[in-house]
Protein chains: 2
Amino acid sequence: MKIAVDAMGGDYAPEEIVLGAIDAVKTYKYDVVLVGDQDRIREVMAQYGATESNRLTIVQASQVIEMGEHPAQAIRKKKDASIVVATKLVKQGECDAVVAPGSTGAAVTAALLGLGRIPGIERPSIATPIPSKEGITVLLDSGANANSKPKHLVEGAIMGYHYAKYILGISNPTVGLLNIGEEDSKGNEVAQATYPLLEKLKTISFYGNVEGRDIPEGTVDVVVCDGFVGNVILKFGEGMALFIIRLVKDTIKESGFIAKLGALAVLPVLKALKKRLDYTEYGGAPLLGVNGSFIICHGSSKAKAIKNAIRVAGELVEQDVVGHIRSSMEEERVEEYGNES
Amino acid sequence: MKIAVDAMGGDYAPEEIVLGAIDAVKTYKYDVVLVGDQDRIREVMAQYGATESNRLTIVQASQVIEMGEHPAQAIRKKKDASIVVATKLVKQGECDAVVAPGSTGAAVTAALLGLGRIPGIERPSIATPIPSKEGITVLLDSGANANSKPKHLVEGAIMGYHYAKYILGISNPTVGLLNIGEEDSKGNEVAQATYPLLEKLKTISFYGNVEGRDIPEGTVDVVVCDGFVGNVILKFGEGMALFIIRLVKDTIKESGFIAKLGALAVLPVLKALKKRLDYTEYGGAPLLGVNGSFIICHGSSKAKAIKNAIRVAGELVEQDVVGHIRSSMEEERVEEYGNES
């Protein structure tokens, strides 16, 4: 199995991406194809004492899509952009999955144009694993769509279910609809229209409405919401975690603990906490609903995050998550739900 | 000045409400009128060695609105509900502000029907103070409206500005629009339509778009969003804070700190952290836009939260926040913005 990695994407490209790929090839059975400026990539590989092999290869791409660019325009204009070339490798069957660090907009556009959608899926969703009391809660859509319709949330429920089942290994994942109250009459127009559609599904277990606090509580395995809300929550959660860790640090300092025990005694506690809250441990967020395995990584991804994303990309292919979503969609006929709201 | 307190609202009524009122009268210059079942209230007062005085009085109300009831139906049916009677005291000029613990829906309905709205305001908003790196970020609407239109977000921006200025004492508060990117073209339909309206305002400082992470960062003083998003964020944040505090506790325990130092040494650290994240310190959330001073408290409010809410209610009246919002609304003519989206 071969994973195509956009070596030029994100804030730390190509150094951290290449380093992550070198580590992944050592640790996992998946081969990696680094896509981007081959001279730069070779340079970085040499720095880390790595060379091209039949398990770690390079495919040249002369262009890069920058963080500030308009995604759709950039993807259409830059035919030789690393993310476009990486996606094409999967489309042509030369690779099995894409790992894309960096601009979410560009990655979503490249995947949509390059791979197309699974039949019946109108809007792919980004599924983000969030740490919770019970382990992990999957939140989707966490930013692929700014304006989701009820039908798109139903698609999200089906896709999130299969991701939780086959990648997180939960035998019968529960799926909740994010809302502002438990009763089925609660919520905004989209949530109210989505509830009865989710109740009708045959291939997944719909739990009912959940509230914001149920995400860290881990009340359900999968939480479905529109992409605007999901993105805001995700970024709020990241900010909150950083803020609270700083508070803990400051509070410990002010209490005189550092003075008494030395920084060395307190730091492991904070480190363990950070690790538990660190999204990079979970290996990126799959873009579900496109016709291929596609992982989007945070723009600030470092080697460890890339390495984990390569692992999850391999698992997506092995577990045939795309195939399971396709079967569910055939059975559910979500496309007949229309666009009422 | 007299604050009417719904003594029967929330999970710990009337005990904690009465206790909070007794404390408030001792600490602050504001008088308190406890509204509810007078026998029960007198019983609780006696328990705590308090008696009625010209600073702490009781007004009888024979009915209570329970947490599960449909707000609008319950308010219309139960004419002698404590929250309805408390609101009426303000309407009739016998009291200056309401403190309402418990069901948000019932409180909002009672305020709307009992006090009406400030001219030009179509939808009152709940403003919730959230702890941030810079002190406090005000989030509104945090749950009064499930479906906010651009005009309602503009109203929220104006109201949040005056709350931050006159209650939090920030001389020229900045107001940001919650969105999923910084560029003005970003976001869902509501956010995109709201941005140019906020730019036109003359009486407040519009900062531009902010993202989820800017709330704990404290990038701006006031964050405006629709009530669905605000409510989800608020509850997610509460859940996250509890989850992380538990993680800290567990991590410290596992590291052997407890064994080495004894629980007594570690507990103050956690306590200080909890205090900083504790919404009850901030004294409830004002319902802005109704024609009177009205504070909504969490259903789980205990005495300290009630006491702080009574203080903030008094400040709302003293600072004439309602008057400032009224003047801004007259100048801005938001009602001419129409209902495009």
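Letters A, B, ... are given to chains in the order of the sequence lines, protein chains preceding strands, and every chain is numbered from 1. Predicted model, so just to flag it, every value in this text is computed and none were measured.
- In terms of heavy atoms, A:Asn147 sits closest to B:Glu189 at OD1-N, 2.9 Å.
- Contact detail for B:Ile244 and A:Ala241: the closest heavy-atom pair is CD1-CA, 4.0 Å.
- With rounding to the nearest 0.5 angstrom, the CD atom of B:Glu217 is 12.5 Å from the CE atom of A:Met240.
- Taking NZ of B:Lys235 as the reference point, atom CD1 of A:Ile215 lies at 11.5 Å (rounded to 0.5 Å).
- Under the side chain to side chain contact (heavy atoms under 4.5 Å, CB included) criterion, B:Lys78 pairs with B:Gln63, B:Ile65, B:Glu69, B:Ala81, sequence neighbours left out.
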Return a table of donor-acceptor pairs under 3.5 angstrom between the side chains of residues 190-198 of chain B and protein atoms on other chains or two or more places apart.
{"unit_1": "B:Gln192", "atom_1": "NE2", "unit_2": "B:Ser185", "atom_2": "O", "d": "2.8"}
{"unit_1": "B:Gln192", "atom_1": "NE2", "unit_2": "B:Gly187", "atom_2": "O", "d": "3.2"}
{"unit_1": "B:Thr194", "atom_1": "OG1", "unit_2": "B:Val190", "atom_2": "O", "d": "2.6"}

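- With chain A as partner, the option from B:Gly212, B:Gly181, B:Gly239 having the largest number of non-hydrogen pairs under 4.5 angstrom is B:Gly212.
- When all heavy atoms are compared, the tightest approach of B:Phe236 to A:Pro216 is CD1-CD, 3.6 Å.
- Contacts between A:Asn179 and chain B at a heavy-atom distance below 4.5 Å involve backbone atoms as well as side-chain atoms.
- B:Glu134 contributes atom CD, which lies 9.5 Å from atom CZ of A:Phe243 (distance to the nearest 0.5 angstrom).
- Considering only heavy-atom pairs separated by less than 4.5 Å from chain A, the leading option among B:Val229, B:Ile233, B:Leu242, B:Leu234 is B:Ile233.
- B:Asn188 and A:Phe228 make their closest contact through ND2-CG, 3.4 Å (heavy atoms, listed as atom of the first residue, atom of the second, distance).
- Considering only heavy-atom pairs separated by less than 4.5 Å from chain B, the leading option among A:Gly105, A:Gly218, A:Ala146 is A:Ala146.
- Within 6.0 Å of atom CD in A:Glu182, 12 or fewer heavy atoms from other residues, nucleotides or ligands are found, so the atom counts as exposed in its surroundings.
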